[in-house]
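Nothing fancy with the numbering, it's 1 onward along the sequence. Counting starts at 1 for both ligands and their atoms, following the listed order. Values reported hereafter were calculated over all heavy atoms of this structure, with side chains retained and with hydrogens, waters and symmetry mates removed.
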Amino acid sequence: MAEPPIPPTPPIPPTPPIPLVDLRAAHAEVAEEVRAGLERVLASAAYVKGPDVAAFEAEYAAFSGVRHCVGTANGTDALELVLRALELAPGAGVLLPANTFVATAEAVVRAGLRPVLADVDDEFQLLDPAAARAALVAERSAGRPVGALLPVHLTGQLAPMRELLALAEEFGGLPVVEDAAQAQGASQHGVPAGAWGVAAATSFYPGKNLGAYGDAGAVLGSDERLVEAVRLIADHGSAVKYVHERFGFNSRLDSVQAVVLRAKLRRLPQWNAARRGAATRYGRLLADLPGLRLPAVRPGNEHVWHLYTVRIAPGPGEGHRPGRRRDAVLAALTAAGIGAGVHYPVPVHLQPAFRSLGHRAGAFPRAERAAAELLTLPLFPQLTEEQQGRVAEELRRALG
Ligand SMILES: *Cc1c(COP(=O)(O)O)cnc(C)c1O
């Protein structure tokens with residue numbers, strides 16, 4: 001009698017990669033609502049300035065603790081619109097941190113103003129009030145006074161707003177504009193991001209905590225005149241059709257994006273809570289890894305963990321090529337299917353596009369060190385404990 005055939009061993013399933021952010025997982029949670037909303041927009045054909053845009057603006061203003069919200073085409077435009085609406089003297093300085101996404105500085109230039117950079121602190125990589133003060137004094141002494149402050153709430157927590165508002169007062173009541181693109185739902189001493197300054201700009205780029213299905217952004221504020229000026233400039237300088245009161249351009253939020261944002265805004269508090277849970281879990285999983293510094297929450301801040309950024313201590317003799325060890329860890333994680341990233345590898349003052357500002361390497365040492373050491377790990381609301389375990393394991397291996 002023939003032996004029964006030996007069943008083939010099943011192939012070991014490949015471990016699926018872990019993305020930096022999983023936008024498909026977020027969509028799955030809102031798919032029904034988005035589909036119904038899109039049907040509504042298609043039926044009405046109100047693609048621009050439709051009722052969903054107005055409804056989202058009201059809902060997001062309420063969520064952010066401000067009176068008004070104006071939807072825009074993207075976050076960079078939102079920043080530029082606020083800076084234009086402030087009507088500062090042409091070429092006036094606007095103070096911002098050297099460690100930010102380039103859009104913050106771009107918007108300043110596009111508004112006909114001059115970026116004035118200051119270093120960040122070493123612990124949280126946020127605009128440092130002492131460095132900001134030194135820059136304000138230096139500009140004043142040089143006869144080029146700064147006209148506004150533009151702090152950035154980077155990675156999901158607020159810059160030190162009490163200190164920066166006091167500084168703005170001391171220098172003649174300068175307007176403070178918040179770049180809140182990475183801080184949707186974050187707060188400081190209970191006051192939401194966007195409700196501290198004279199106005200704030202935010203971005204709904206798909207990967208942000210509140211992300212659209214394309215480009216989108218918004219301006220937030222409670223100063224009626226300023227917000228109305230933004231609305232005017234963003235709509236060809238016109239409040240009444242074919243009457244153009246001032247020079248403007250076109251930067252509007254469309255109804256398709258408003259539908260997506262309304263559905264996602266309803267989940268944002270629970271999604272931010274899930275991000276906080278994941279950040280706490282990383283804190284436990286990574287606590288004893290050598291040569292690794294974990295991100296810290298500034299006292300008084302409610303962090304929303306747009307990015308979970310660890311710091312990799314430089315290897316021996318790395319001085320002449322900063323970032324080498326971090327880059328090696330990043331490469332090892334990438335090879336293992338872990339979607340890590342770097343935010344941001346080159347600070348604003350060392351970008352070729354901003355060479356004309358005249359800064360050399362060494363000008364903002366804390367921002368430069370952060371750029372060489374920071375590493376962003378996967379973090380999104382649907383990230384599982386099992387996935388985080390794998391990230392920690394691969395990171396442990398990569399650190400050797
Ligand atoms: C995303 C982002 C912006 C720009 O937003 P876009 O919608 O991409 O134009 C500005 N500042 C910061 C800090 C950002 O993260």
Return yes or no for this condition: an N or O of [X] is under 3.5 Å from an N or O of ligand 1.
X	answer
Asp215	no
Leu154	no
Thr76	yes
Gln182	yes

Atom indices of ligand 1 within 4.0 angstrom of [X] heavy atoms, with elements:
X	answer
Thr104	11 (N)
Val152	13 (C)
Ala103	3 (C), 4 (C), 10 (C)
Gly75	5 (O), 6 (P), 7 (O), 9 (O)
Asn74	7 (O), 9 (O)

Exercise. Please test Arg252 against Asn250 for side-chain contact (heavy atoms from CB on, under 4.5 Å), starting from the C-alpha separation and ending with a verdict.
Key: CA-CA 6 Å; Arg252 297 176 300 226; Asn250 176 4; 3.5 Å; yes
What about [X] and [Y], are their ring centers closer than 6.0 Å?
X	Y	result
Phe101	Tyr205	no
His349	Phe354	no
Tyr213	Phe204	no
His236	Phe249	no

What protein heavy atom sits nearest [atom], and how far away is it?
atom	value
atom 15 (O) of ligand 1	Lys208 NZ, 2.6 Å
atom 8 (O) of ligand 1	Ser203 OG, 4.0 Å
atom 13 (C) of ligand 1	Asp179 OD2, 3.5 Å

Quiz item: Given that the side chain starts at C-beta and the backbone is N, CA, C, O, which of these parts of Asp77 lies under 4.0 Å from ligand 1, counting heavy atoms, or is it both or neither?
Solution: neither
Exercise. Just do the salt bridge (charged side-chain N to carboxylate O under 4.0 Å, His left out) check on Arg67 and Glu224 with the steps written out, would you?
Key: CA-CA 8 Å; Arg67 281 210 277 279; Glu224 175 111 35; 5.7 Å; no
Quiz item: For the hydrophobic clusters of this structure (ILVMFWY residues joined by side-chain heavy atoms under 4.5 Å, transitively), does one cluster hold both Val391 and Leu307?
Solution: no
Quiz item: So, Asp119 side chain and Arg366 main chain: donor-acceptor pair closer than 3.5 Å or not?
Solution: yes
Quiz prompt | Polar side-chain atom of Arg326 near backbone of Leu374 as donor-acceptor pair, under 3.5 Å | solution = yes
